[in-house]
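Right, one structure below, let's go through it.
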Protein chains: 2
Amino acid sequence: MDNIGVNALRRVDLARATGCNLETIRYYETVGIMPDPPRTPKGYRSYDDTHVRRLKFVMRSRDLGFSLEEIRGLLGLVDDRTQTCAQVQTVAEAHLEDVKAKIADLERIERVLSETVARCTGDAAPECAVIDALLGA
Amino acid sequence: MDNIGVNALRRVDLARATGCNLETIRYYETVGIMPDPPRTPKGYRSYDDTHVRRLKFVMRSRDLGFSLEEIRGLLGLVDDRTQTCAQVQTVAEAHLEDVKAKIADLERIERVLSETVARCTGDAAPECAVIDALLGA
DNA sequence: CTAATGTCTGTAGTTGATACAGGCTCAAGG
DNA sequence: CCTTGAGCCTGTATCAACTACAGACATTAG
């Protein structure tokens, strides 16, 4: 038994506790989103509750579409809580604008696409409204 | 004068005619989206109208969010026009479903994000609704 | 004891480009 | 004729955000 702490988690345990992919955990460590965890004498990573909480935070943020760069910023604000709320609000609002812009883009695409598809005869002919539209006809 | 055809275009001409980035043209050739163009005796790429049309097709398709893989498929249908319309319709409809799903995802994100931001006090306090939400509080 | 499961590292592949380095070529102006 | 600037060539590196694999070692359950 190399584990030192009572609640020590292996990599696979952290993955299961969070639903995060195994390799992604290591990736987050190399890019500095997650800290380098303590190691057992044999070099195995040893996690605890703080890692679970942090990784869940990261995953929730990713789920909301924050980039790792943005998450790095949010984590910095969490780690060093001074003037937090106003700053977080700024980041989140900027991200919200991004999301709205993406929705607008996709809605334009949806409109063009469904209009074009609607003009399809759908039969086995070589004429096709979609192709014509893409060809600029 | 190495140019052979009257309407021969250089790489920069094709880029300007289509609005496509210079390097992207070469990229599309290496991945097989655009054909390897004929070369002048000195090895310079020599394009013509067919390349302009094909590249514009690709760019319109990208603009509508088709992946290069999907575009490869569409181009194949354009190049070999048999039973085209039904097949194109299938590809376009599948893509449309993708787009709708992405919109739904982003709208969920938008909802969560704006609800959360609305709970922000926005002041210089260390308590923050966004952080609390991300922490799962 | 053995088989299954897990861990470690480094590295490559994914998508869709974009950028740069180092060297060659070409056309126009002086 | 020479220079300058624009353009061309190739190969390779970079970006985000992962994911996967190879090859070797460790641990655990039956």
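Chain A is the first sequence line, chain B the second, and so forth, proteins listed ahead of strands; every chain is numbered from 1. Just so it is clear, the values below take in all heavy atoms, side chains as well, and ignore hydrogens, waters and symmetry mates.
Residues Tyr44(B) and Glu69(B) both approach DNA chain C. Their nearest nucleotides, taken by heavy-atom distance, put Glu69(B) toward the 5′ side.
Residue Arg62(A) contributes atom CZ, which lies 9 Å from atom C1' of dC18(D) at whole-angstrom precision. The separation between Arg72(A) atom CZ and dA17(D) atom P is 9 Å, rounded to whole Å. Atom CG of Asp63(A) is separated from atom P of dC18(D) by 11 Å (rounded to the nearest Å). In this structure, Asp13(A) places its CG atom 9 Å from P of dG6(C), rounding to the nearest Å. Atom CZ in Phe66(B) sits about 18 Å away from atom P in dT15(C), given to the nearest Å. Asn21(A) places its CG atom 15 Å from the C1' atom of dT7(C), with the value rounded to the nearest Å. In this entry the distance linking CG of Leu14(A) with P of dT7(C) reads 10 Å, nearest Å. In this structure, CG of Asp36(B) is placed 14 Å from C1' of dT10(D), rounded to the nearest angstrom.
Between the Thr24(A) side chain and the Tyr27(A) main chain, no donor and acceptor come within less than 3.5 Å of each other. Judged by distance alone, with hydrogens and angles left aside, the side-chain atoms of Asp63(B) form no donor-acceptor pair with the main-chain N or O of Arg60(B) at under 3.5 Å. A side-chain donor-acceptor contact under 3.5 Å links Arg62(A) to the backbone of Phe66(A).
Tracing side-chain contacts under 4.5 Å through hydrophobic residues (I, L, V, M, F, W, Y), one reaches Val31(B) starting from Leu55(B); they form part of the same cluster. There is a path of hydrophobic side-chain contacts, each under 4.5 Å, that joins Leu135(B) to Ile71(A). The cluster map of Ile, Leu, Val, Met, Phe, Trp and Tyr, joined by side-chain heavy atoms under 4.5 Å apart, puts Leu14(B) and Tyr44(B) in different clusters. Cluster annotation: Val91(B) and Leu106(A) are assigned to the same hydrophobic cluster (Ile/Leu/Val/Met/Phe/Trp/Tyr, side-chain heavy-atom contacts under 4.5 Å, transitive).
OP1 or OP2 of dT10(D) has at least one side-chain nitrogen or oxygen of Arg39(B) nearer than 4.0 Å. The phosphate of dT27(D) has neither OP1 nor OP2 within less than 4.0 Å of any side-chain N or O from Arg11(A).
Between Asp105(B) and Lys102(B) there is no salt bridge, since no side-chain nitrogen of the basic residue lies less than 4.0 Å from a carboxylate oxygen of the acidic one. Between Glu23(B) and Arg26(B) a salt bridge is recorded (basic side-chain N to carboxylate O distance below 4.0 Å).
Residue Arg16(B) is in sugar-phosphate contact alone, with no base atom involved, counting any heavy-atom pair closer than 4.0 Å across all strands shown.
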Next item on the list: Using a 3.5 Å limit on both pairing distances, list the dot-bracket string of DNA chain D from the 5' end; Watson-Crick and G-U wobble pairs count, crossing pairs take [ ], interstrand pairs take |.
Entry: ||||||||||||||||||||||||||||||
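Out of dT9(C), dT7(C), dC24(C), the shortest distance to the side chain of Arg10(A) is found at dT7(C). Between dG7(D), dT9(C), dA26(D), one nucleotide has an atom nearer to the side chain of Val12(B) than all others, and that is dG7(D). Of the candidates dT7(C), dT9(C), dA17(D), dT7(C) carries the atom nearest the Leu22(A) side chain, counting heavy atoms from C-beta on. Side chain of Leu68(B), nearest nucleotide from dA17(C), dT9(C), dC24(C): dA17(C). In this structure, the nucleotide among dG16(C), dC8(D), dC8(C) sitting nearest to the side chain of Arg45(A) is dC8(C).
Using modelled atom types, one finds no donor on one side chain facing an acceptor on the other under 3.5 Å when comparing Asp98(A) with His95(A).
Looking at residues 23-33 of chain A, you'll see Glu23(A), Thr24(A), Arg26(A), Tyr27(A), Tyr28(A) sit with a heavy atom under 4.0 Å from some atom of DNA chain D.
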